[in-house]
Enquirer: 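Below: one structure in C-alpha cells.
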There are 2 protein chains.
Amino acid sequence: MEVIAIHCDQCKERYCTQQVSIFNGLTPEENAKIHGLIQRLSFKKGELLILDGQAYDRLMIVHGGRLKAYRDTADGKQQILHLFGPGDFLGERALFAETNSAYTLEALTNVAVCTIPREAFQALLDEHPSISKKILETLSDRLTHLERTLESMGAKTIEKRVSAVLVDFAEKFGKREQGRFEVELPLNREGIANYIGLTRETVTRKMKRLERDGVIRANGNKIIEILDWEALQDSGE
Amino acid sequence: MEVIAIHCDQCKERYCTQQVSIFNGLTPEENAKIHGLIQRLSFKKGELLILDGQAYDRLMIVHGGRLKAYRDTADGKQQILHLFGPGDFLGERALFAETNSAYTLEALTNVAVCTIPREAFQALLDEHPSISKKILETLSDRLTHLERTLESMGAKTIEKRVSAVLVDFAEKFGKREQGRFEVELPLNREGIANYIGLTRETVTRKMKRLERDGVIRANGNKIIEILDWEALQDSGE
DNA sequence: TGAAAACTGTGATGCGATTCACAGTTTTTT
DNA sequence: AAAAAACTGTGAATCGCATCACAGTTTTCA
C-alpha cells in the first residue's frame, strides 16, 4: 500500500507515524492502516489552526514546524500554555468527551500536521492498548513539565524564570553545532514574556544581563548561543 | 472474598475501588482481585508520605483526607503543586519508568490511602485496557487544570490569582449548606500564598478586600462563605 | 477550660517590575 | 538592494508587592 506524504519543509521523516513514539512497535500493516485514517494538512506561518472555545474532536500530530497554544487574558495579553514541535501530539482531551478546545492554536512557522478523527482513534486504542500506554506516558511527562513550569513561575526571582525558559527552549529546540550550542528561539521577546508572565521590556533587560554576564550570546534576534550552561541552570538558586 | 477496610474518619465509601472512577465498570470478582493487590496505609496530619527525589514506584489512591504535593524552592519557601482529596490518585509517573518522586507529599489532615505496586498495576493495565483509558482521561483533566492554574499565574493582576484559587478550592472542597456555600480551606494563608506564588501578607490583604467588598465572608480562619460567586469569577477581568 | 502555640491582620518602608515613550536594530517584503 | 514592517533596547517615573515588625486573634492540646 503506497501512502502519499505531504509536502513539508522541516520534516525529517516522511510519515507522521514514523515520527511519533505512540505508534512505535506497530507492524507495517497496522501502520498502513493508520495512514488510511489520517488527514494531512499544512498551514502557513501565522495561521490559526484552532480557536479557543471551538468544537474540536481530533487528535493532531505535528509533522513539521512549530505551534503555540495560548489563551487571551483579560488584560489583552496572551498566556502561552504550550509549544509544540515535530513529533508532539495534541487534542487528546477531545478524544474522551465532547469538549471545546481549551486554547487557540497558532502556527509559529509553516507547519504540517496529521489529524485523526475521534472515532477512528478510539477504535485504534481498543485494538492496540499499547498506544494508550504510550499516550499515558507522554501525558504524564507533559504534566511533569507543566509542574516544573508552574514551580518556576511561583519562584519569586524573575531571573530564574527567564533562565528556566531558556533552558527549556534549549532542551526542546537547541542543537550542538561545531561545538557551540545554539538555540533558535521559538518566540520573540514579547512571546517569551507572555509565556512566563512578564513584560517584553523585562525579558529584554534580563536577557541582556545574561549576555553581559557571559552566560549567553545573542546572534541576531532569534538565535542565542549558550556559553555557560551551568550558570543558566543555577542562576537564582 | 471478604476485604478488610481500613479505618478512616472522612471516608464516605468503604473501599478505595468504590471511590475511584478508574475502577468503575469492573466485575465484583475483578474488584476483589484488585483488593488483594492493595496495601492500605494511614498517616497522621503533618506526616510526610513521600520525599522529593525519593525512589517511588506505586500508584497511590486517596481514600480519605487531604494531601499536598510541594517542592522546596531555592529561597526557602514551598511551591505547592497539587492538592489531593478522596478519590484522587497520584504517582502515575512511577508506573512507566524508574523515576524518583517529583515532589514531597504531606498529609494536611489525617489520611487514609491505598497503594498498588508498579508490577501489579502494569499487569492490571494489560488485562483491563478500560482502566488505562480512564487514567488517560483523568490525566488529561489534570493537565487542563494545571493549564488554567498556569494561566492565572501568568495573568498579572494579583487580585485575579487570589480569586482564582478561591474558586478552585470552592469547586473541589466547597459544599452548599442551608443555602450558603461554604468552603473549608485546605491551606492556611501562608499555604495559599505558596500555592499561587505570593506572600502571606498579600494574600491576607487581598482576601480582606474581597471580604470588605462583600464577595466572601470569613468564618474563623479556615472557613469562608462565598457570597458573590459572580464577582469572584470576574474580578480582574 | 485555660494556657500555649499557631496563625492572621496591618502599618511603614524599600525595591524592583511595569509603564510609557522613542530611538535603534533586525527581519521581511517587493 | 531598498523600503517597510516588525522587533528590540533603554531611560525615567510610577505603582504595587515584598519585607519587617509586632499586635491581635484563633486554634490546638493538655
Side-chain angles (χ1 to χ4, degrees), chain A residues 44-46 73-78 106-110 152-163 165-166 184-213 216-224 235-236, chain B residues 44-46 68 73-79 106-110 152-163 165-166 184-213 216-224 235-236:
Chain A
K44 289 234 171 66
K45 177 177 173 174
T73 64
D75 53 324
K77 294 186 177 176
Q78 297 180 352
E106 181 181 327
L108 289 173
T109 63
N110 290 345
S152 79
M153 299 260 316
K156 74 163 188 329
T157 70
I158 263 57
E159 271 81 9
K160 208 181 165 187
R161 275 204 240 177
V162 175
S163 300
V165 79
L166 292 182
E184 187 191 335
L185 299 174
L187 299 169
N188 60 25
R189 301 294 180 275
E190 183 159 24
I192 295 174
N194 288 337
Y195 195 37
I196 58 182
L198 299 174
T199 58
R200 178 183 67 78
E201 294 89 332
T202 301
V203 170
T204 288
R205 285 190 251 258
K206 295 306 176 194
M207 282 183 65
K208 270 286 155 194
R209 178 175 237 292
L210 286 173
E211 201 171 354
R212 261 183 243 116
D213 293 350
I216 61 173
R217 186 213 312 281
N219 179 358
N221 287 339
K222 287 184 173 164
I223 293 175
I224 63 167
S235 73
Chain B
K44 290 235 169 65
K45 177 176 171 173
K68 72 171 171 183
T73 63
D75 54 322
K77 295 186 174 176
Q78 296 179 351
Q79 174 60 43
E106 180 182 328
L108 288 173
T109 64
N110 291 346
S152 78
M153 299 259 315
K156 72 165 189 327
T157 71
I158 263 54
E159 270 83 8
K160 209 181 166 189
R161 277 205 239 177
V162 175
S163 299
V165 81
L166 293 181
E184 187 192 335
L185 298 175
L187 299 169
N188 60 24
R189 300 295 179 274
E190 183 159 22
I192 295 175
N194 288 337
Y195 196 35
I196 58 181
L198 298 174
T199 59
R200 178 184 69 76
E201 294 90 334
T202 301
V203 171
T204 289
R205 284 189 251 258
K206 295 305 176 193
M207 282 182 66
K208 269 286 154 193
R209 178 176 238 291
L210 285 174
E211 199 169 357
R212 261 183 243 113
D213 293 352
I216 62 174
R217 187 213 313 280
N219 180 356
N221 286 340
K222 286 185 174 163
I223 294 175
I224 62 167
S235 72

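Here is the naming used below: chain letters follow the sequence lines, and residue numbers restart at 1 for every chain.
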Enquirer: So which atom in A:E106 and which in A:G46 form the shortest heavy-atom distance, rounded to 0.1 Å?
Expert: CG-O, 3.9 Å
Enquirer: Whole angstrom is fine here: how far is it from NZ in A:K206 over to C1' in D:dT8?
Expert: 17 Å
Enquirer: Which residue pairs pass the side chain to side chain donor-acceptor pair (under 3.5 Å) test when at least one of the two sits in residues 185-199 of chain A, sequence neighbours left out?
Expert: A:T199-A:T202
Enquirer: D:dT10 P sits how many Å from A:E211 CD, rounded?
Expert: 10 Å
Enquirer: Send over the distance from B:K208 NZ to D:dT26 C1', rounded to a whole Å.
Expert: 12 Å
Enquirer: What pair of heavy atoms forms the shortest contact from B:R161 to B:S152, and how long is it?
Expert: CG-O, 3.1 Å
Enquirer: Produce a footprint string for nucleotides 20-27 of chain C: one letter per nucleotide, 5' end first; B if the base is under 4.0 Å from any protein heavy atom, S if only the sugar-phosphate is, - if neither.
Expert: BB----SS
Enquirer: Please report the closest heavy-atom contact between B:K44 and B:A107, naming both atoms and the distance.
Expert: O-CB, 3.5 Å
Enquirer: First locate atom CE of A:M207, then atom CD of A:E159, and finally report the distance between them rounded to the nearest 0.5 Å.
Expert: 13.5 Å
Enquirer: From CG of B:N188 over to C1' of C:dA6, roughly how many Å is that when rounded to an integer?
Expert: 9 Å
Enquirer: Are A:L210 and A:L166 packed together at the side-chain level, in the sense that at least one heavy-atom pair is separated by less than 4.5 angstrom?
Expert: yes
Enquirer: For B:L185 and B:N221, work out which heavy atoms get closest and say how close.
Expert: CD1-O, 4.1 Å
Enquirer: Would you call B:T109 and B:E184 a side-chain contact if the rule is heavy atoms closer than 4.5 Å?
Expert: no
Enquirer: Within less than 4.0 Å of OP1 or OP2 of D:dT8, is there a side-chain N or O belonging to A:T204?
Expert: no
Enquirer: Give me the bend of the helix from C:dT1-D:dA30 to C:dT30-D:dA1, using the axes of the five pairs at each end, rounded to 10°.
Expert: 70°
Enquirer: Starting at atom CZ of A:R161, determine the distance to atom P of C:dG16, rounded to an integer number of angstrom.
Expert: 15 Å
Enquirer: Between B:T199 and D:dC17, is there a contact of a side-chain N or O with OP1 or OP2 at under 4.0 Å?
Expert: no
Enquirer: Would you mind reading off the distance between A:I224 atom CD1 and D:dG9 atom P, rounded to a whole angstrom?
Expert: 12 Å
Enquirer: Measure from CD1 on A:I192 to P on D:dT8 and round the result to the nearest Å.
Expert: 8 Å
Enquirer: So does A:R189 get a side-chain nitrogen or oxygen closer than 4.0 Å to the phosphate oxygens (OP1/OP2) of D:dT8?
Expert: yes
Enquirer: State, to 0.1 Å, how close B:L187 and B:I192 come at their nearest heavy-atom pair, and which atoms those are.
Expert: CB-N, 3.9 Å
Enquirer: Send over the distance from A:M207 CE to D:dT10 C1', rounded to a whole Å.
Expert: 16 Å
